[in-house]
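Only heavy atoms go into these numbers, but all of them, side chains included; no hydrogens, no water, no symmetry mates. The structure presented is a predicted model; accordingly, all values stated were derived computationally and were not measured.
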Amino acid sequence: MRNFLKLADNVDVTPVLHALAVNSDLWDEHTLRTKHLNTAHAAVHDIWLMFNDPTGSVVNDIQGVPYRAWDALKPLRGLILELMRKVDGVQLGRCIVTKLPVGATITPHTDMGAPATFYTRYQIALQSLPGALFHIGEETVNFRTGDIWLINHREEHSVVNNSCDDRIVCIVDIRSA
């Protein structure tokens, strides 16, 4: 495969799912990604752990800052930091939990700017059942819960959730040495 590389499987994400259930108020606290004009992510619900500060006069897509969820979702923070260690990460960028409801789609798009050019993107599958299909180019993968993948988000990609439950992943941008 050219656009996907599985780095781990069967990671225990039960503590993360529990933390998400206990902190359900974190969903959609920040909607910049999901509400802007012509967004590919209109159907998703987000939780920002690390993201750039969109309030300044110049958007800095390289420098992430921690949001409330970084402290609230400690089990997920541990998985992110362990992934960063495994890939020899030197800088952490955006970390977002994103939930795609049953029957919903992330429309085809190509990521641009610093998140695409400066960082490598990983996804931790927190809940992904058969029928939740991630497409990049001509390749399609159905992540399984507990999988960790490196993905090529610089190519056109989309996701369709034809499974029987929400697809929940954590997007992690890491700059490696």
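For the pair L79/V13, a side-chain contact is recorded, criterion being any heavy-atom separation below 4.5 Å from C-beta on. Within the 4.5 Å cutoff, the side chain of L73 has heavy atoms near those of the L26 side chain. Counting only heavy atoms from C-beta outward, the side chains of V172 and C95 approach each other to under 4.5 Å. Counting heavy atoms from C-beta on, the side chains of N142 and S128 come closer than 4.5 Å. At least one side-chain heavy atom of L126 sits under 4.5 Å from a side-chain heavy atom of L17. Counting heavy atoms from C-beta outward, I80 and C170 have side chains that approach closer than 4.5 Å. For the pair L7/V87, a side-chain contact is recorded, criterion being any heavy-atom separation below 4.5 Å from C-beta on. When side chains are defined from C-beta on, V22 counts as touching H18, because their heavy atoms get closer than 4.5 Å.
Rounded to the nearest 0.5 Å, atoms CG (D9) and CH2 (W149) are 9.0 Å apart. Separating the CG atom in D173 from the CD atom in Q123 is a distance of 9.5 Å, to the nearest 0.5 Å. Atoms CD1 and CD, from I136 and E156 in turn, are 10.5 Å apart once rounded to the nearest 0.5 Å. Between the CZ atom of F4 and the CG atom of D147 there is a distance of 11.5 Å, given to the nearest 0.5 Å. Atom CG of N52 is separated from atom CE of M50 by 10.5 Å, given to the nearest 0.5 angstrom. The distance from the NZ atom of K99 to the CH2 atom of W27 is 5.0 Å, given to the nearest 0.5 Å.
For the residue pair D165 / S163, no side-chain donor-acceptor distance below 3.5 Å is found, with atom types taken as modelled.
In this structure, I96 is not a member of the same hydrophobic cluster as L92, with clusters built from ILVMFWY side-chain heavy atoms closer than 4.5 Å. In the hydrophobic clustering of ILVMFWY residues, with side-chain heavy atoms under 4.5 Å counting as a link, L81 and I124 come out together. One hydrophobic cluster, built from ILVMFWY side chains closer than 4.5 Å, holds both L150 and I174. There is a path of hydrophobic side-chain contacts, each under 4.5 Å, that joins V11 to Y122. F143 and L83 are members of different hydrophobic clusters when ILVMFWY side chains are connected at heavy-atom separations under 4.5 Å.
Counting all heavy atoms, side chain and backbone alike, A69 lies closest to I47 at CB-CG2, 3.4 Å. Listed here is the closest heavy atom pair of H109 and D111: CD2-OD1, 3.1 Å. Across every non-hydrogen atom of T31 and D28, the tightest pair is CG2-O, 3.5 Å. Here the shortest heavy-atom pairing between P115 and D61 reads CD-CB, 3.6 Å. In terms of heavy atoms, M1 sits closest to T140 at CE-O, 4.2 Å. Counting all heavy atoms, side chain and backbone alike, N161 lies closest to L100 at ND2-O, 2.8 Å.
No close placement of the F51 and H30 rings is indicated, their centers lying 6.0 Å or farther apart.
Partner of Y119 under the side chain to side chain donor-acceptor pair (under 3.5 Å) criterion, out of Q91, R175, R94: Q91 alone. In summary, of the residues considered (L32, V65, T98), a side chain to side chain contact (heavy atoms under 4.5 Å, CB included) with W48 occurs for L32 alone.
Annotation: side-chain hydrogen bond (donor to acceptor under 3.5 Å, both in side chains) contacts of T145 (sequence neighbours excluded): none.
Checking side-chain atoms of T39 against main-chain N and O of T34 turns up no donor-acceptor pair under 3.5 Å.
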>> With ring pair (Phe, Tyr, Trp, His ring centres under 6.0 Å) as the criterion, how do H157 and H135 come out once you've worked through the C-alpha distance, each side chain's angles and the decisive distance to 0.1 Å?
In response: CA-CA 5 Å; H157 56 281; H135 308 280; over 10 Å; no
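Salt bridge present: R68 and D25 bring a charged side-chain N and a carboxylate O closer than 4.0 Å.
Shown here is K35, whose NZ atom has no more than 12 heavy atoms of other residues, nucleotides or ligands within 6.0 Å.
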